[in-house]
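Here's the structure we're looking at; comments come further down.
In each ligand, atom 1 is the first atom listed, and ligand 1 is the first ligand listed. In this text, all values refer to a predicted model and were calculated from it rather than measured experimentally.
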Amino acid sequence: MKEMNKDIIFKYIKQEAKRQKEGIELIASENYVSSNVLKAMGSILTNKYSEGYPDKRYYGGNEYIDEIEKECISRAKEVFNAEHVNVQPYSGSPANLAVHLAFLNPGDRTMGMELSAGGHLTHGFKVSISGKYFDSVSYGVNKEGYIDYDEVRKIALDHKPKLIWSGFSAYSRIIDWKEFKKIADEVGAILVADIAHVAGLVATNQYPSPIGISDIVTTTTHKTLRGPRGAMIMCKQEYGEAIDKAVFPGLQGGPHNHITAGIAVALKEAQSKEFEEYSKQIVKNAKVLADTLIEKGFNIVSGGTDNHLFLVDTVKSVNMTGREASDILGSVNITLNKNSIPHDERKPWDPSGVRIGTPAITTRGMKEEDMVKIAEYIDRALRDTSEKKLKLIREEVKEFTRKFLIPGIDNL
Ligand code: DSN
């Protein structure tokens, strides 16, 4: 055992812990899980094969695994008020592929939001399997950065997709799930809502829920929901069998039981008063951060946010591409991702903006006054990029982060 701890991998884990501790994490899809979630994920449950579903497994010895998966499903139903839940998808992309597999044949039409408008690769983007094996069409946002439902309706009526995707990875406004459902019904499509980004906010009523409206709801479990890397598919009872068959045996093999246990732990945490307060604070923080950047002359897509994230047009704000801005901020220990902005003329690898989100920093206990400080660091770093100034900011950021703990990471 001693020998194993000399494995260089553990040295890298330590270095990554230090990086996480000394940085300001603004990647909108990241978070820090609790010690209990970590414990469940790092448990011996990873040793077990369990192809199938509770009480219907292809392997023996699943009596405790069955209880864990049943409990996880029951907690998910309770948190989201869902009729049927599958907790086995390995992550968001396979979950979304399983939905395609459940309802479409190769070549059938799927419709989702354009990537540059804030949609996701798996909603029919041409380089993804969802856009290669299926005939995909997309809708965008208007010049103010909002979904235009008349436009969505027109595209749906023109192309008659079998599946319509709502939901996003980079849209800072409220989605009108009912309007999407009306459109889907008008064209006879199944509506899927991908709530991966806002699941934690939905769980605590800080963002409208599509459950009970959308036929299918997919989500990852590691973003605002603050669980392990995994996913769930929730749906109306009538679609349960098709979804379960698509996940296994359609797409996957044995479920990752250690992750199922971690999701169950996270779902229990999501029912606490503290988690509700946390979710409220995520949105407050995002608004303050966006507003402070606007005061400093930054151009924010759609002029602000209703959730945990927003997009900054860095070309308009500081005459830098998203890649340049993200590299400079990275050099002062502020991590975020370059991101296309609506109607972007640049390519995703070097787009015109960056995406900023507050779930992770809010887990560390940062509040409104800390958002003002973070906006100042961003403003200073992007407006004066001399090595001397950046070095100074990096030291200030390290000092600033010192008092904000991260669960599972010892004080380094
Ligand atoms: N990659 C995730 C994100 O950053 O939004 C979505 O899958």
Side-chain angles (χ1 to χ4, degrees), residues 20 23-33 89-100 110 112-131 136 138 141 145 147 165-173 175 192-202 207 216-233 251 259 263 282-283 286 301-302 305-312 314 322-323 325-326 329-330 334-342 344 347-363:
Q20 290 188 13
I24 296 173
E25 183 53 75
L26 296 180
I27 293 178
S29 47
E30 292 192 10
N31 214 330
Y32 307 105
V33 299
Y90 299 144
S91 204
S93 302
N96 289 352
L97 185 55
V99 174
H100 277 112
T110 188
M113 196 184 205
E114 268 165 31
L115 194 67
S116 68
H120 193 255
L121 283 169
T122 56
H123 299 180
F125 193 59
K126 292 293 176 193
V127 301
S128 132
I129 189 169
S130 63
S136 65
S138 59
V141 290
I147 293 172
W165 290 84
S166 52
F168 54 85
S169 59
Y171 184 69
S172 63
R173 297 303 183 178
I175 293 215
V192 196
D194 180 342
I195 60 164
H197 263 265
V198 287
L201 305 182
V202 168
Y207 194 89
I216 314 288
V217 177
T218 65
T219 185
T220 52
T221 46
H222 48 271
K223 299 185 175 90
T224 49
L225 193 56
R226 214 162 66 179
R229 266 169 204 285
M232 306 192 294
I233 304 177
L251 185 65
I259 299 299
I263 294 173
I282 291 178
V283 181
V301 171
S302 90
T305 180
D306 298 322
N307 56 30
H308 63 298
L309 65 79
F310 56 90
L311 293 170
V312 183
T314 51
R323 184 161 66 158
S326 131
L329 292 171
I334 296 177
T335 318
L336 41 63
N337 63 286
K338 50 186 171 283
N339 213 100
S340 298
I341 57 168
D344 208 329
K347 294 265 182 289
W349 182 244
D350 191 13
S352 302
V354 294
R355 186 182 64 168
I356 291 183
T358 53
I361 51 176
T362 308
T363 292

We want to know whether [X] and [Y] form a side-chain donor-acceptor pair, criterion being a heavy-atom distance below 3.5 angstrom.
| X | Y | result |
| --- | --- | --- |
| Ser172 | Asn307 | no |
| Ser29 | Arg355 | yes |
| Arg229 | Ser91 | no |

Ser29 heavy atoms, cut-off 4.0 Å: which ligand 1 atoms fall inside?
-> 3 (C), 4 (O), 5 (O)
The atoms of ligand 1 lying under 4.0 Å from a heavy atom of Ser169, numbered in the order shown, are 5 (O)
Nearest-contact summary for atom 6 (C) of ligand 1 - protein heavy atom, Å | His120 NE2, 3.3 Å
Would you confirm whether any non-hydrogen atom of the protein falls under 4.0 Å from atom 1 (N) of ligand 1?
-> no
Hey, what's the ring geometry for His100 with Trp165, parallel, tilted or perpendicular (30° and 60° as the breaks)?
-> tilted
Check whether any side-chain N or O of Asn96 sits under 3.5 Å from a backbone N or O of Thr122 as a donor-acceptor pair, and report yes or no.
-> no
What part of Arg355 sits under 4.0 Å from ligand 1 if we count only heavy atoms: the side chain, the backbone, both or neither?
-> side chain
At a 4.0 Å cut-off, with the gap strictly under it, does some heavy atom of His197 reach an atom of ligand 1?
-> yes
